[in-house]
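Below is one structure, written out as structure tokens; comments come after it.
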Amino acid sequence: MRIGAVAKATGCTPRALRHYEEHGLIASARAANGYREYDDAVVTRVRNIRHLLDAGLTLDDVRVFLPCLDGDVAWAPPSPAGLRVGRERLAVLEARIAAQVAVRDRLAAALQAAAPEPALSPSPPPLAR
């Protein structure tokens, strides 16, 4: 399969596929004309990579799953290594969220101190005709 066919079958861009290949997650052979040729099984592998990335993992995290990327990652029982990677990534995400919430709260407090919002007032009377 050429890169365009894999891209169409998986919903990925050719650029993403080349990126996965650079990171050693997928492999291709080269045709005589230099085009990348992929085995049909790469479609399953790319779908699994996308599934893991969509779940919040990074490409480095996905490496832990290399032995099982050709199967059904979404429904396979989790491995201890996979669970460890998932928990570590979740901790990183939670720390980032907490940091962003703290920044938001500081900004909101600074805005409130700089220009307090006026208290709610009753609606103005309707205009006379």
Side-chain angles (χ1 to χ4, degrees):
M1 269 178 125
R2 286 197 181 155
I3 196 167
V6 176
K8 184 175 183 178
T10 61
C12 285
T13 64
R15 183 174 182 223
L17 295 171
R18 288 189 291 273
H19 190 67
Y20 301 159
E21 191 170 344
E22 288 171 14
H23 280 78
L25 298 175
I26 62 174
S28 68
R30 293 293 180 148
N33 59 7
Y35 289 172
R36 286 177 166 86
E37 291 287 337
Y38 295 94
D39 185 88
D40 290 345
V42 78
V43 171
T44 298
R45 181 172 275 248
V46 170
R47 287 181 179 153
N48 282 326
I49 292 167
R50 293 297 320 152
H51 173 76
L52 294 169
L53 293 174
D54 289 345
L57 301 181
T58 66
L59 286 179
D60 287 336
D61 295 336
V62 171
R63 286 185 200 291
V64 171
F65 296 88
L66 277 174
C68 55
L69 286 179
D70 296 324
D72 191 352
V73 169
W75 294 101
S79 69
L83 289 171
R84 178 185 48 76
V85 167
R87 287 183 181 117
E88 289 171 358
R89 182 58 44 208
L90 181 59
V92 168
L93 292 171
E94 287 175 343
R96 287 180 182 166
I97 290 167
Q100 289 296 304
V101 167
V103 169
R104 180 203 60 201
D105 291 347
R106 285 193 303 272
L107 177 58
L111 288 171
Q112 182 64 31
E117 293 183 29
L120 293 176
S121 60
S123 301
L127 295 175
R129 291 186 190 209

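The analysis underlying the following values was restricted to heavy atoms, covering all of them including side chains, and did not include hydrogens, waters or symmetry mates. Predicted model only: the values in this text are computed from it and were never measured.
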Closest non-hydrogen atom pair between Phe65 and Gly82, with its separation: CZ-CA, 3.6 Å
Closest non-hydrogen atom pair, Cys12 against Ala7: O-CB, 3.0 Å
salt_bridge(Glu37, Arg2) N-O dist < 4.0 Å: yes
ILVMFWY cluster membership beyond Trp75 - transitive side-chain contacts under 4.5 angstrom: none
Side chains of Asp61 and Leu52 in contact at under 4.5 Å (non-hydrogen atoms): no
Glu88 and Arg84 ion-paired at < 4.0 Å: yes
Separation between NE2 of His51 and CG of Asn48, rounded to the nearest 0.5 Å: 7.5 Å
Validation row: His19, Leu59 side chains within 4.5 angstrom (heavy atoms): yes
Remaining members of hydrophobic cluster (4.5 Å side-chain criterion), Leu93: none
Arg63 (side chain) donor-acceptor with His23 (main chain) under 3.5 angstrom: yes
Separation between CZ of Arg18 and OG of Ser28, rounded to the nearest 0.5 Å: 10.5 Å
Nearest-0.5 Å distance, CG of residue Leu83 to CG of residue Leu90: 12.0 Å
Where Leu53 and Tyr20 come nearest, the two heavy atoms and their spacing: CD1-OH, 3.5 Å
Other residues, nucleotides, ligands: >12 heavy atoms within 6.0 Å of Arg30 CZ: yes
Minimum-distance pair of heavy atoms, taken over all atoms of Val43 and Ala9: CG2-CB, 4.1 Å
Closest non-hydrogen atom pair, Asp70 against Thr44: O-CG2, 3.7 Å
Leu57 vs Val64 side-chain heavy atoms within contact, under 4.5 Å: no
Where Ile49 and Val62 come nearest, the two heavy atoms and their spacing: CG1-CG1, 4.2 Å
same_hphob_cluster(Val42, Tyr35) at 4.5 Å side-chain heavy-atom cutoff: no
CD1-CD1 distance between Ile3 and Ile26, expressed to the nearest 0.5 angstrom: 7.0 Å
